[in-house]
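Throughout, protein chains are lettered first and strands after them, A, B, ... in sequence-line order, and every chain is numbered starting at 1. This structure is a prediction, so every number in the text was calculated from the model and none was measured.
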Amino acid sequence: MIPAPTSENELLERATALAGFTLGELAEQYGLVCPADLRREKGWVGMLLETCLGATAGSKPEQDFQDLGIELKSIPISHTGKPLETTFVCVAPLTNVHGLTWENSHIRNKLSKVLWIPVEGEREIPVCERHVGMPLIWQPSDEEEAQLKADWEELMEFIVLGKVHQITAKHGEYLQLRPKAANSKAVTEAYGANGQPIKTLPRGFYLKKPFTSRILAAHFMLPAEDTF
DNA sequence: CATTGATCATGT
DNA sequence: ACATGATCAATG
């Protein structure tokens, strides 16, 4: 096991040292077996990077590197550097939301500082041959945070009013609410239209692709619109 | 069931 | 072609 990094610089240096390696090469260093595809191990890449960087494995309530106040996110990218998937942030609170504000929300804490690690994600590339890209540490700008807060407030309004069922992934410009469960039969408690408790599918907050795309593009100074 | 890690795969 | 809704694994 790799010890936890003791500073942001150390973490970033470690992540930078991973750039250029393939997932197969990294897996081999840790005696892990690279799956042929991710159909049955959707979180495999994220777990591998956690291992490489000394994040504590298993489920933790807050950021991956809590002492450093940093959340680790791997992000699958195309050959043009654009995200191939939305990014899961955290489960959405559907009950006990009285007094909950953006400022004290779980999602704001998670997104306060993120270490993004781009990884080749096209399915044509075998998992073990996919390359790890250059990492970047990101903190939301005032504008980005305002955008996220606006979306969060819109979505939370539905939840508070007992209208969870009316929310679709189309709501929110940058942040969306989508199912986050083992399957469509999973249930959790939420507010009904009359304030009574109801059972519903657990949901999670996800960052839409254009949002994460801009983060990567801004950092790597890529053109806003790719012309490849 | 809830949390962590996300991607799959079908409908439009 | 792509986003939405569905799904997978491990762990507490």
Open item on the list: Can you tell whether the side chains of A:Arg130 and A:Glu122 come within less than 4.0 Å, N to carboxylate O?
Closed with: no
Any side-chain N or O of [X] under 4.0 Å from OP1/OP2 of [N]?
X        : N     : value
A:Lys208 : C:dC2 : no
A:Gln176 : C:dA3 : no
A:His165 : C:dG5 : no

[N] [atom2] sits how many Å from [X] [atom1], rounded?
X        : N      : atom1 : atom2 : result
A:Leu48  : C:dA10 : CG    : P     : 16 Å
A:Asp64  : B:dA6  : CG    : P     : 8 Å
A:Glu124 : C:dA1  : CD    : C1'   : 13 Å
A:His171 : C:dT4  : NE2   : P     : 11 Å
A:Leu94  : B:dT3  : CG    : C1'   : 14 Å
A:Glu120 : B:dA6  : CD    : P     : 17 Å
A:Lys170 : B:dG11 : NZ    : P     : 15 Å
A:Met47  : C:dA9  : CE    : P     : 14 Å

Please list, pair by pair, any protein nitrogen or oxygen found under 3.5 Å from a nitrogen or oxygen in nucleotides 7-9 of chain B.
| residue | atom | partner | partner atom | Å |
| --- | --- | --- | --- | --- |
| B:dT7 | O2 | A:Lys42 | NZ | 2.8 |
| B:dT7 | O4 | A:Arg178 | NH2 | 3.4 |
| B:dC8 | OP2 | A:Arg123 | NE | 3.0 |
| B:dC8 | OP2 | A:Arg123 | NH2 | 3.4 |
| B:dC8 | O4' | A:Lys42 | NZ | 2.6 |
| B:dC8 | N4 | A:Glu85 | OE1 | 3.2 |
| B:dA9 | N7 | A:Arg123 | NH2 | 3.3 |

Do the side chain of [X] and the main chain of [Y] share a donor and acceptor less than 3.5 angstrom apart?
X        : Y        : result
A:Glu10  : A:Thr6   : yes
A:Glu71  : A:Ser112 : no
A:Arg203 : A:Leu201 : yes
A:Glu50  : A:Ala55  : no
A:Lys163 : A:Gly192 : no
A:Glu25  : A:Thr22  : yes

Open item on the list: Counting only heavy atoms and a strict 4.0 angstrom limit, can you tell me which residues of residues 151-158 of chain A come near DNA chain B?
Closed with: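 Heavy-atom cutoff 4.0 Å gives no residues at all.
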Which part of the nucleic acid does [X] contact within heavy-atom distance under 4.0 Å: base, sugar-phosphate only, or nothing?
X        : result
A:Lys73  : sugar-phosphate
A:Ala182 : base
A:Ala186 : nothing

TODO: For A:Pro210 and for A:Ser184, find the nucleotide of DNA chain C with the closest heavy atom, then tell me which residue's nucleotide is more 5'.
DONE: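 The residue mapped nearer the 5' terminus is A:Pro210.
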- [ ] Can you run down the side-chain hydrogen bond (donor to acceptor under 3.5 Å, both in side chains) pairs that involve residues 94-105 of chain A, sequence neighbours left out, and say none if there aren't any?
- [x] A:Thr101-A:Asn104, A:Trp102-A:Glu145, A:Glu103-A:Lys149
TODO: Would you check if the distance from the ring center of A:His171 to the ring center of A:Phe158 is below 6.0 Å?
DONE: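 Yes, ring centres under 6.0 Å apart.
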Open item on the list: Just verifying a value: how many Å separate A:Tyr174 OH and A:Asp151 CG, rounded to the nearest 0.5 Å?
Closed with: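 Here the rounded value is 8.0 Å.
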Task: Side chain A:Lys180 and base B:dG5 donor-acceptor under 3.5 Å - done: yes
